[in-house]
Every structure is written in C-alpha cells, then in structure tokens.
Number of protein chains: 2
Amino acid sequence: MSRPSTPPPSKRGRPVGFDRTEVLDRAMRVFWEKGFAATSMQDLIAAMGIASPSLYAAFGSKANLYRAAVEHYVALHEDLVLRAIAMPTARESVEALLRNAVTVFARTDFPSGCMVEQTASEAGDMAPDVMTRLHDMRAANHDNFSMRLRKGLEDGDVPEGADIEAVASFYATIHKGLSLSARGGTGTGELSSVVTSAMAAWPVLTRPREPRR
Amino acid sequence: MSRPSTPPPSKRGRPVGFDRTEVLDRAMRVFWEKGFAATSMQDLIAAMGIASPSLYAAFGSKANLYRAAVEHYVALHEDLVLRAIAMPTARESVEALLRNAVTVFARTDFPSGCMVEQTASEAGDMAPDVMTRLHDMRAANHDNFSMRLRKGLEDGDVPEGADIEAVASFYATIHKGLSLSARGGTGTGELSSVVTSAMAAWPVLTRPREPRR
DNA sequence: TGAATTATGTGTCGTTCGACACAGAAAGCC
DNA sequence: GGCTTTCTGTGTCGAACGACACATAATTCA
C-alpha cells in the first residue's frame with residue numbers, strides 16, 4: 001500500500017501558486033482525450049495554466065504526471081464504483097458498474113471511454129514503475145467484478161458452482177468493449193443496449209458448470 | 001469505392017528497389033505494436049530498411065503510411081474473415097469470427113490486439129480523410145456481424161423478431177473487449193473463455209423481442 | 001528586519017521530430 | 001551511345017520535443 005504519496009506541504013518558503021488537484025484535473029482531461037504519446041508538454045502547460053518548471057517540480061516528469069492523472073481519474077469515480085459494489089446482489093452490482101460505465105464513457109462534456117482501460121494501448125517509453133502502476137489499475141478494474149462476484153457466492157445470490165472467474169472475465173471484457181466503442185463515437189443508446197444484452201446473459205453465465213472443459 | 005489506389009508502376013526510369021508489400025508489412029508491425037503517435041519516422045525507416053525519401057515517395061506521409069498499414073492488416077486477415085462468414089449458420093459465423101479474433105489478438109509472434117479497433121484511441125492530428133478511412137474500417141468490423149446476422153435471419157437460422165442490431169452491437173463490443181484485453185496481456189485461455197461465455201448467451205440474445213423498450 | 005527557504009516565469013538547452021533538397025545511380029527510349 | 005525519367009542515399013531543414021538553469025518573487029523563521 002505504499003502509494004507514491006504527495007510530498008508533505010512545506011511550511012517555509014514561497015507557497016505553491018496553484019491548486020494541485022485543479023491542475024491535475026486539467027491534465028487528466030488532455031491525457032484522457034489524446035492519450036499519453038500524442039500529448040505534448042505544450043498541450044499540458046497550456047491546459048494547466050502553469051509553467052513547465054512548476055510542473056516538473058510538482059510531478060517530476062511527463063510520465064509521472066500521466067500516472068498521477070490516471071490516479072486522479074480513478075479517485076474521481078471511486079464513489080460511483082463503491083456505490084455500485086454496495087448493491088444488495090452481485091447481479092445488481094455488475095449491472096450498476098456497467099451502467100455507470102456507459103454514463104461516464106459517453107458523457108459529451110468529457111473525453112470518451114475509460115482512461116484506465118485505454119492505458120493498455122499506451123505501450124510507451126514510460127518508466128517501468130509507471131507501467132506497473134498502470135497495469136495494476138487495470139487489474140483493479142477486473143477485480144471489482146471478480147471480488148463482487150465472490151461475495152455474491154458467499155451471500156448466496158450467485159448459484160453455487162458458478163465459474164466466478166469466467167463470469168468476471170466476461171463482464172470485464174464487456175467493460176473494455178464499452179470503453180473502446182465509446183472512443184469510436186458510439187452513443188449512449190447503443191452502449192446501453194449492449195449492457196442490457198450482457199445482463200440478459202447473467203442467468204446462463206452464472207449457472208453451475210462442471211469444473212473444466 | 002474510389003479507394004486511394006497505388007499509382008501505376010512506371011515503365012521508364014529506375015525501378016523501385018524494394019517490395020512495397022514487404023516494407024508495408026514491417027511498418028504495420030511497428031504501428032501495430034506502438035500505435036501511431038508513439039511511432040517515429042526513425043522507428044519506421046529502421047524497421048522498413050529504406051531511407052525516408054523513398055518512404056515519402058511511396059506513401060506520402062506518416063499518417064498515410066499508417067492508413068496503408070492498417071489496410072494491409074485488413075487484407076492479411078480478409079481470408080480468415082471471409083471463411084468465418086461463409087459458415088452455414090449465423091451462430092457458427094459469429095463464433096468463428098470471435099475465435100479467429102482470439103487467435104490473432106494473442107499471437108505471441110505478433111503485436112497484441114486488433115490493429116483496426118485500436119485506431120479508435122488514436123485521436124491524432126491526422127488528415128481528415130485518413131481519420132474517415134479509419135472510422136470506416138472500424139465500422140466494417142461492426143458490419144461483419146450485423147450483415148451476417150441479417151443473412152441468418154433470411155436463411156431462417158436466426159429466429160424471426162430477433163433484434164439484429166442489438167445482437168450485432170453486443171458481439172462487436174465483445175470483439176473490441178477482446179482486443180483491449182489482449183493488449184493488456186490477457187492470454188489465449190482467458191480470452192477463449194470469454195468467447196465461450198459470449199456464445200452461451202446466443203439463445204437468449206437472439207430470442208424475439210417486442211420492438212422497442 | 002534580515003537570513004533562509006521555496007516557488008515562479010523567462011529563456012534555452014541538446015535532441016528528435018516529420019519532411020524534403022539535392023546530386024548521383026539505374027533503368028527505358030531513341 | 002546519349003537523353004529522359006525515376007528512384008536512391010546523404011544530408012539537413014525549421015519546428016517542436018522533454019527537461020531544466022537561472023534569476024527573481026514570495027513566504028517563514030529568528
């Protein structure tokens with residue numbers, strides 16, 4: 001859990017002249033819109049409204065700012081995810097996660113798609129620790145599904161013998177598909193229809209199966 | 001249908017010193033691996049084995065080379081797609097399309113994921129005509145599903161009253177999800193399991209529905 | 001108030017970007 | 001053979017890249 005935390009705000013010296021969260025939010029939008037490689041420092045300082053030395057002092061490098069921006073993205077949507085997971089049954093939780101995703105991915109006042117999922121296509125020349133962190137955040141997306149399903153199994157609202165990992169992989173794949181669809185310009189209507197279809201498959205997918213095939 | 005075709009090979013003058021398909025294939029791999037923005041001309045001329053003026057004479061610009069590379073990618077897999085579509089029933093065709101996708105997306109001797117689908121995240125500064133062409137190629141992926149489903153409806157192997165567009169969107173979303181999963185490092189096993197799940201949903205999804213909801 | 005500390009804005013570093021000028025090489029045409 | 005045409009490799013263009021030096025401004029501590 002040793003998150004690379006923000007350094008403690010110093011008491012002495014000239015105070016920072018910008019709100020860290022605010023500039024991070026603006027950086028997030030640019031990265032979210034254009035991706036890591038296609039975003040230049042010029043783009044960033046223009047959007048963030050600070051000069052590049054301030055940016056480097058606060059975030060270290062472009063790659064690390066990207067990581068921080070993705071973490072800010074996750075933090076922004078954490079409540080939504082937690083509320084979805086808190087639904088009484090696994091089925092309701094999974095559906096809520098996907099409905100939330102549609103809403104977020106296709107908002108017209110924000111860039112399209114899921115910023116976390118899209119990091120998978122940023123092969124990039126980023127430092128290994130940044131790559132690892134991005135990978136972990138993608139894994140966390142998958143884990144949202146599998147952990148909630150496992151809880152459903154314990155609670156009894158998911159049939160005993162259901163292949164939890166397979167179901168989780170299925171819905172995680174839908175989640176990624178929704179993200180990429182939204183990036184391509186698909187609107188809320190069609191995305192919602194896909195979620196409806198995916199949820200219609202729930203009874204079939206959670207039906208108990210013989211161990212392996 | 002006015003494809004921006006290759007100019008006719010000239011009879012006079014010094015002949016071209018490289019095989020166009022060969023160098024296009026090498027460019028494809030680099031773009032496929034790193035994406036458009038993260039690929040530099042340096043990367044390309046190194047992989048293609050030709051000097052940049054030759055490259056520009058043959059392809060015009062980096063963006064246009066990218067378009068040509070994606071079209072080469074499509075041409076490479078055309079047979080596989082056609083054979084899948086030629087299956088006797090729509091269900092078999094859809095499953096074959098997805099199984100093919102898994103095989104292609106997770107090959108270890110090639111970059112991961114679908115080069116066409118991934119173009120959706122390359123917002124880029126490419127010329128409008130290139131962007132349009134990439135968009136059309138993505139749409140063609142969707143159309144593979146919807147057209148084959150429509151034929152199944154005519155042939156009678158898809159129940160009358162099935163919501164073709166919804167089913168097509170569902171499987172197209174799975175296709176995109178598989179691509180993004182593969183990019184993130186998911187292996188053949190898990191991807192195959194997702195296809196199995198998606199196909200298990202077939203009877204439910206193709207069940208006739210009342211017109212709209 | 002002066003010393004110490006920290007952030008800011010201007011300017012610029014060396015590199016690499018995408019793209020091409022130019023001269024020479026290799027072919028067909030007469 | 002010369003003449004024309006077309007392609008090739010060397011070299012380099014101006015612009016933009018990511019990153020930072022440096023002097024100055026703003027704050028706390030003594």
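Chain A is the first sequence line, chain B the second, and so forth, proteins listed ahead of strands; every chain is numbered from 1.
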Problem set entry | Exam field: side chain A:Thr186 to backbone A:Ala182, donor-acceptor pair closer than 3.5 Å | no
For this session: Looking at every strand, decide which applies to B:Phe59 at a 4.0 Å heavy-atom threshold: base, sugar-phosphate, or nothing.
Result: nothing
Seminar exercise, completed: note: A:Leu65, atom CG; D:dC17, atom P; distance rounded to Å ~ 15 Å
Problem set entry | A:Met147 atom CE: more than 12 heavy-atom contacts under 6.0 Å | no
Exercise. Phosphate oxygens OP1/OP2 of C:dT8: is one of them under 4.0 Å from a side-chain N or O of A:Ser54?
Worked result: yes
Exercise. Rounded to whole angstrom units, what separation is found between the CD atom of B:Gln42 and the P atom of C:dT16?
Worked result: 8 Å
Exercise. CD1 of A:Ile50 versus C1' of C:dT10: gap in Å, rounded?
Worked result: 15 Å
For this session: Give a yes/no on whether any side-chain N or O of B:Ser40 is located under 4.0 angstrom from OP1 or OP2 of C:dT16.
Result: no
Problem set entry | Presence of salt bridge, A:Arg150 and A:Glu154, under 4.0 angstrom | no
Problem set entry | Relative orientation of the end axes in the helix from C:dT1-D:dA30 to C:dC30-D:dG1, expressed as an angle to the nearest 10° (five pairs per end) | 0°
Problem set entry | Derivation of the ring-ring contact (aromatic ring centres under 6.0 Å, His included) call for B:Tyr171 and B:His175 | CA-CA 6 Å; B:Tyr171 285 105; B:His175 188 264; over 10 Å; no
For this session: Only pairs at least two apart or in different chains count here, so list each side-chain hydrogen bond (donor to acceptor under 3.5 Å, both in side chains) that has a residue in residues 57-66 of chain A.
Result: A:Asn64-A:Arg67
Seminar exercise, completed: note: A:Met126, atom CE; D:dA19, atom P; distance rounded to Å ~ 12 Å
For a quick test of your reading: what N or O donor-acceptor pairs under 3.5 Å do the side chains of residues 119-126 of chain A make, sequence neighbours left out?
| from | atom 1 | to | atom 2 | distance (Å) |
| --- | --- | --- | --- | --- |
| A:Thr119 | OG1 | A:Val116 | O | 2.5 |
| A:Thr119 | OG1 | A:Arg138 | NE | 3.0 |
| A:Ser121 | OG | A:Gln118 | O | 3.2 |
| A:Ser121 | OG | B:Gln118 | NE2 | 3.2 |
| A:Glu122 | OE2 | A:Phe36 | N | 2.9 |

For this session: Quick one: do A:Asp129 and A:Thr132 satisfy side chain to side chain donor-acceptor pair (under 3.5 Å)? Show the steps, please.
Result: CA-CA 5 Å; A:Asp129 61 311; A:Thr132 304; over 6 Å; no
For this session: Look at all strands and tell whether A:Ala57 reaches a base, only sugar-phosphate, or nothing, counting heavy atoms closer than 4.0 Å.
Result: nothing
Exercise. Rounded to whole angstrom units, what separation is found between the CZ atom of A:Phe18 and the C1' atom of D:dA26?
Worked result: 15 Å
Exercise. In whole Å, what is the span from the CD1 atom of B:Ile45 to the C1' atom of C:dG18?
Worked result: 11 Å
Exercise. Within this structure, what is the CZ-to-P distance between B:Arg20 and D:dT8, rounded to whole angstrom?
Worked result: 12 Å
For this session: Sequence neighbours left out, what passes side chain to side chain contact (heavy atoms under 4.5 Å, CB included) with B:Asp25? Give chain and number order.
Result: B:Met28, B:Arg29, B:His72, B:Leu76
Identify each atom pair where a protein N or O and an N or O of nucleotides 19-26 of chain C are less than 3.5 Å apart, giving names and distance.
| from | atom 1 | to | atom 2 | distance (Å) |
| --- | --- | --- | --- | --- |
| C:dA19 | OP2 | B:Tyr56 | OH | 2.6 |
| C:dA19 | OP2 | B:Lys62 | N | 3.2 |
| C:dA19 | O5' | B:Tyr56 | OH | 3.1 |
| C:dC20 | N4 | B:Ser52 | OG | 2.4 |
| C:dA25 | N3 | B:Arg14 | NH1 | 3.3 |

Seminar exercise, completed: A:Leu55 atom CG is separated from C:dT10 atom P, nearest whole Å, by 16 Å
Under 3.5 Å donor-acceptor pairs involving side-chain atoms of residues 80-88 of chain A, not counting sequence neighbours:
none

